[in-house]
Amino acid sequence: METANPQEIKKHVRTYITVFVALLTLTIITVTVSYLHLNIPAAITVALLIATIKGSLVASYFMHLISEKKIIYATLVLTAVFFIALMWLPIFHHANPVIYKNVP
Amino acid sequence: MEIPYTVTARPETGLFNAKAGIWLFLASEVMLFGALFTTYILLRIGAPEWPHGELDIPLATLNTAVLITSSITMVMSWASLMMKDFKKYRIYMGATFLLGVVFLVIKAFEYGHHFGIGELPNKSTFLGIYFTMTGLHGLHVVGGMIVNAYFWGPGSKMWKTQPERFTNRVEVAGLYWHFVDLVWIFLFPVLYLL
């Protein structure tokens, strides 16, 4: 982004405003859906899906990830691998829980 | 000694050094908050029941809007510097700082309400993880506000002598601020809506 000229930046500004409106709209949608009291799996899916879209918009446009250098992508891919591994821990635990015997 | 690659890109990375640095730091932050999200999932699936309706959704929705707005003012402050408009930069950066204050004031109202009715972190697993996650996030907001205040005030003198370096500094501060917004985007549904 450091090579962008003022004309290009003006174009970016329009994108930032569009992303801002999208983020506010998605916030309203996710709150509205939460008041519908869907069943737990559906509620988790919708809430996390909307949060992921919002997070991707922030990362892609506000943080300029849509046009960044390879080394940043490489760092983030590595981070994503470890993050996913971390998120699997509760699932492993749930599938094979530690059972305490003779605990008073 | 002069700090290398503050403006020009380092050939090996294609980035000025601070940008490579902030991304590595943010990667470590992903793991920090990731560990807390994992803890939350473990506690929640292990709990016999999980409270609903204890948190103020309208207030948290307002805070989400505040933080999203602060993200656009932050990116606009950087864009203003790219367009050589220092006056607009000061307005947008000042607005970003003030929106950070608004976020913390709203959070303080929420905390005050909980404390007022005896809902302290040690009262339940839910309250423990709620205060830990939002508290750590709040500390990140405070950290970002200190940096933003510096770049709005005394740190902005650099614009007169080294404008490109200053613009890069603001971009890096912005990357951190957007990350703090991103964390809240996940905290909000996980703690308040589900």
Side-chain angles (χ1 to χ4, degrees), chain A residues 1-10 12-13 16-17 19-20 23-24 26-28 30-31 33-35 37 40 43-44 46-48 50-59 61-64 68-72 75-76 78-80 82-91 93-94 97, chain B residues 7-9 12-16 19-20 23-24 26-28 30-31 34-35 37-46 57-58 60-61 64-65 68-69 71-72 74-76 78-80 82-85 164 167-168 171 174-175 177-179 181-183 185-190 192-194:
Chain A
M1 289 301 285
E2 54 264 39
T3 52
N5 64 44
Q7 219 48 40
E8 276 178 64
I9 296 296
K10 274 184 187 164
H12 289 313
V13 167
Y16 298 149
I17 293 165
V19 169
F20 172 64
L23 289 171
L24 287 182
L26 287 166
T27 302
I28 293 166
T30 195
V31 172
V33 170
S34 80
Y35 283 110
H37 301 294
I40 295 285
I44 291 174
V46 172
L48 289 186
I50 293 176
T52 306
I53 295 169
K54 286 169 72 183
S56 306
L57 284 172
V58 170
Y61 295 100
F62 290 170
M63 299 172 90
H64 311 139
E68 263 305 350
K69 297 286 184 291
K70 269 185 195 167
I71 193 153
I72 293 180
T75 307
L76 291 179
L78 195 65
T79 310
F82 281 102
F83 181 80
I84 291 164
L86 198 58
M87 289 300 125
W88 272 92
L89 285 179
I91 295 162
H93 167 80
H94 202 55
Chain B
V7 175
T8 53
E12 294 90 338
T13 60
L15 303 164
F16 62 91
K19 195 159 172 179
W23 274 110
L24 288 173
L26 293 182
S28 77
V30 168
M31 298 312 289
F37 276 106
T38 309
T39 307
Y40 169 86
I41 299 168
L42 262 173
L43 291 173
R44 185 158 178 176
I45 58 179
I57 294 176
T61 307
T64 305
I68 289 170
T69 311
S71 243
I72 193 171
M74 186 79 204
V75 80
M76 288 301 293
W78 169 80
S80 303
M82 291 294 280
M83 292 187 280
K84 318 280 180 219
D85 192 338
E164 286 178 325
T167 307
N168 285 349
E171 183 180 2
L175 286 171
W177 190 257
H178 301 311
F179 175 79
D181 180 24
L182 211 153
V183 170
I185 282 173
F186 284 92
L187 277 180
F188 171 57
V190 166
Y192 289 82
L193 303 181
L194 292 175

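Keep in mind the model is a prediction, meaning the values are calculated, not measured. In what follows, every chain begins at residue 1, and chains take the letters A, B, ... in the order their sequences are listed.
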Item to check | Heavy-atom contact with chain A under 4.5 Å, split by part of B:T167 | outcome: neither

Item to check | 4.5 Å side-chain heavy-atom contact, B:I57 and A:Y35 | outcome: yes

Next on the checklist: Could you measure the distance from the CD1 atom of A:I72 to the CG atom of B:L26? Nearest 0.5 Å is fine.
Outcome noted: 9.5 Å

Checklist entry - With only heavy atoms counted, which part of A:I91 is less than 4.5 Å from chain B, the side chain, the backbone, both or neither? => result neither

Item to check | A:T79 to B:M31 - nearest heavy-atom pair and separation | outcome: O-SD, 4.1 Å

Next on the checklist: Run the side-chain hydrogen bond (donor to acceptor under 3.5 Å, both in side chains) test against B:E12 and tell me which residues pass, sequence neighbours left out.
Outcome noted: B:R10

Checklist entry - Heavy-atom distance under 4.5 Å between the side chains of A:T30 and B:F188, does that happen here? => result yes

Item to check | Minimum-distance pair of heavy atoms, taken over all atoms of A:L86 and B:A35 | outcome: CD2-N, 3.3 Å

Checklist entry - Would you say the ring centroid of B:W78 lies under 6.0 angstrom from that of A:H12? => result no

Item to check | Top of B:V30, B:T13, B:I68, B:I41 for chain A proximity - count of heavy-atom pairs under 4.5 angstrom | outcome: B:I68

Next on the checklist: Let me confirm one number: the NZ-CG distance from A:K54 to B:D181, rounded to the nearest 0.5 Å.
Outcome noted: 8.0 Å

Item to check | chain A contact via B:S71 - which portion, at a heavy-atom distance below 4.5 Å | outcome: both

Checklist entry - Looking at A:I40, A:T52, A:L48, which makes the most heavy-atom pairs under 4.5 Å with chain B? => result A:T52

Item to check | Contact origin within A:L76 toward chain B - heavy atom pairs under 4.5 Å | outcome: side chain

Next on the checklist: Quick check for you: among B:T69, B:I72, B:T61, B:L194, which has the greatest number of heavy-atom pairs under 4.5 Å with chain A?
Outcome noted: B:I72

Checklist entry - Which heavy-atom pair separates A:G55 from B:F186 by the least distance, and what is that distance? => result CA-CE1, 4.4 Å

Checklist entry - Going from CD on A:E8 to CE on B:M82, what distance comes out if it is rounded to the nearest 0.5 angstrom? => result 8.5 Å

Next on the checklist: With a 4.5 angstrom heavy-atom cut-off, is it the side chain or the backbone of B:V190 that approaches chain A, or both, or neither?
Outcome noted: side chain

Item to check | Residue part contacting chain A, namely of B:M76, when any heavy atom lies under 4.5 Å | outcome: side chain

Checklist entry - Is it the side chain or the backbone of B:I185 that comes within 4.5 Å of chain A heavy atoms, both, or neither? => result both

Checklist outcome for this item: Nearest heavy-atom approach of B:L182 to A:A59 is CD1-CB, 4.1 Å

Next on the checklist: I need the A:I9 CD1 to B:M83 CE distance, nearest 0.5 Å.
Outcome noted: 7.0 Å

Item to check | A:E68 side chain reached by B:K19 side chain, heavy atoms, under 4.5 Å | outcome: yes

Checklist entry - Listed by chain and number, what are the side-chain hydrogen bond (donor to acceptor under 3.5 Å, both in side chains) partners of B:W23, not counting sequence neighbours? => result none

Checklist outcome for this item: Heavy-atom closest pair (A:V58 atom, B:H178 atom, distance to 0.1 Å) is CG1-O, 3.8 Å

Next on the checklist: How long is the straight-line distance from CG of A:L24 back to OG1 of B:T64, given to the nearest 0.5 Å?
Outcome noted: 10.0 Å

Checklist entry - If you take all heavy atoms of A:P90 and B:I45, which pair is closest and at what distance? => result O-CD1, 3.9 Å

